[in-house]
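Quick note: residue numbers are just sequence positions, from 1. Just so it is clear, the model here is predicted, and its values are computed rather than measured.
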Amino acid sequence: MALAIFSFNNISQQLAIRQAGGISFSIFEEFLESSDLYFQAYAAFQIVVLARVIIGRSPVFLTASGISLLVRILESADDDVVVLVASLLSSLAHTRAGITDAMVTVGLLDLLVSRLSTSENSQVRNAVAVTLGYLTFNPTAARLLFATCRNIPGLYNRLMKNIGFHPKINSKFEDNFRRARLVGLPSQCLEINGGRPVIPPSRSKGAFSRSLTSTGSHHRHVMSVNRVYQQHHVLIFILSFFLSFFLSFFLSFFLSF
C-alpha cells in the first residue's frame, strides 16, 4: 500500500520502481482472493495504481480486473465497506485516462445512483455522491448521469445535497442541468410522474359512431338541398324558354297586321 501511495499519479516514481525490477503479481493474489472485503478492496486499488510496474500481467488486464472487483465489492451490504470502496474509486477516477471509461463500462454509474437513492446512511450517500461528481468529468458518464437526473425527479437535488460544501463536479454538468430545468424537464410531466398523458386517450366507440352518424346525416342533407336547387334551376330554365317563345310569337303576329 505504501508503494501505491508513493507512486500515485507520479509517473517518474513508477518508472523508477519499474527500472528497479518491478513488483510481481503473485504478491497481490493472496489479498485479491481473500474472504476479507477490506483486503480485496485495497489490493484491487493497488493493482490499478501500480498497473505499469507489476510484472506478469498487462496494465490493461490489471486495470480492468481491479475496477471490476471494486464495483462488485460496492454491492456489499456493509456500509463501511461501501464507503471505503467509493473513496477508492473517487481516487482512481482522476489518476489516468481510460479509468473512468472502464468504470462506466462495468456499470458503476447505475450502482452509485442506486446507492444514492436508497441508502439511509449519510456517509454512504456522501461517498457515492463524491464519486459521481468525479465521473461528471467523463463525457460519457456525464451524459448518462444527466439523462438519469432528468428521468428521476429529485435525483439531482439529492446529489448536490450529499456531495459536500465544496464539491468536485464538472461545472458544465451543473450548467446544463440548470438550463434544462429552466426550459422544462419533459420527464417531470410524464404520466408515470403524475402528469398529463403525452398522447390523449382516443374517443370511445360510441362517440365515434355518433360522429359518423352525424357526419352522414349532414352529407345527406347537403345532397338533398343541392338536388332541390338543381330541379328549381331546370324549371326556371324551361319557364323562361316558353315565355320567350310566346312573347316572340305574339310580337311577330301583331307586327304582321
- Please report the shortest heavy-atom distance between Leu70 and Ala41, naming the atom on each side. CD2-O, 3.6 Å
- Query: Less than 4.5 Å apart, any side-chain heavy atom of Val128 and any of Val113?
  - Reply: no
- Message: Applying ring pair (Phe, Tyr, Trp, His ring centres under 6.0 Å) as the test, list every pair that has at least one member in residues 108-127; sequence neighbours left out.
- Response: none
- Note on the structure: Output for pair (Asn126 CG, Thr131 OG1), nearest 0.5 Å, gives 9.0 Å
- Task: Could you tell me which residues satisfy salt bridge (charged side-chain N to carboxylate O under 4.0 Å, His left out) with Arg158, sequence neighbours excluded, listed by chain and number?
- Result: none
- Message: For the backbone of Glu30 and the side chain of Ser34, can you confirm whether one donor and one acceptor N or O come within less than 3.5 Å of each other?
- Response: no
- Query: Other than Val60, what residues sit in its cluster of Ile, Leu, Val, Met, Phe, Trp and Tyr side chains whose heavy atoms are under 4.5 Å apart, directly or through others?
  - Reply: none
- Item | Nearest atoms (heavy-atom pairs only) where Leu144 meets Thr148 | O-OG1, 2.8 Å
- Do you know the tightest heavy-atom contact between Gly164 and Pro167? O-CD, 3.7 Å
- Compare every heavy atom of Ala44 with every heavy atom of Gly66, then report the nearest pair and how far apart it is. O-CB, 3.5 Å
- Task: Run the salt-bridge test on Lys172 and Asp175 with the 4.0 Å N-O cut-off and return the result as yes or no.
- Result: no
- Item | Spacing of Leu74 atom CG and Leu111 atom CG [to the nearest 0.5 Å] | 4.5 Å
- Message: Within a 6.0 Å radius of atom CD on Gln123, are there more than 12 heavy atoms belonging to other residues, nucleotides or ligands?
- Response: no
- Item | Minimum side-chain heavy-atom gap Leu69-Ile47 below 4.5 Å | no
- Query: So do the side chains of Leu50 and Phe28 get within less than 4.5 Å of each other, counting heavy atoms only?
  - Reply: yes
- Task: Quick one: list whatever passes side-chain contact (heavy atoms from CB on, under 4.5 Å) with Val48, sequence neighbours left out.
- Result: Thr63, Ile67, Leu92, Arg96, Ile99
- Task: If a pair satisfies ring pair (Phe, Tyr, Trp, His ring centres under 6.0 Å) and one of its residues is in residues 46-81, list it, with sequence neighbours excluded.
- Result: none
- Item | Inter- and intrachain pairs under salt bridge (Lys or Arg N to Asp or Glu O under 4.0 Å), touching residues 102-124, at least two apart | none
- Looking at CG of Leu108 and OG of Ser68, how far apart are the two atoms once the value is rounded to the nearest 0.5 Å? 10.5 Å
- Residues which pass side-chain hydrogen bond (donor to acceptor under 3.5 Å, both in side chains) with Asn176, listed by chain and number, not counting sequence neighbours: Arg179
- Rounded to the nearest 0.5 Å, what's the gap from CG on Leu37 to CD1 on Ile73? Could you check? 5.5 Å
- Query: With sequence neighbours excluded, what pairs up with Thr136 under the side-chain contact (heavy atoms from CB on, under 4.5 Å) test?
  - Reply: Leu145, Ile169, Asn170, Phe173
- Task: Give, for atom OG of Ser114 and atom CG of Leu109, the distance between the pair rounded to the nearest 0.5 Å.
- Result: 11.5 Å
- Item | side-chain contact (heavy atoms from CB on, under 4.5 Å) involving Phe31 - partner list, sequence neighbours excluded | Phe39, Ala43
- Using the side-chain hydrogen bond (donor to acceptor under 3.5 Å, both in side chains) rule, collect all pairs that involve residues 69-82, keeping only residues at least two apart or in two chains. Asp79-Asn121
- Only pairs at least two apart or in different chains count here, so list each ring pair (Phe, Tyr, Trp, His ring centres under 6.0 Å) that has a residue in residues 106-161. His94-Tyr134, Tyr156-Phe177
- Looking only at atom types and distance, does a side-chain atom of Arg125 sit under 3.5 Å from a main-chain N or O of Ser119, one as donor and one as acceptor? yes
- Taking only residues two or more places apart in sequence or in another chain, which ones pass side-chain contact (heavy atoms from CB on, under 4.5 Å) with Ala129? Leu116, Leu159, Asn162, Ile163
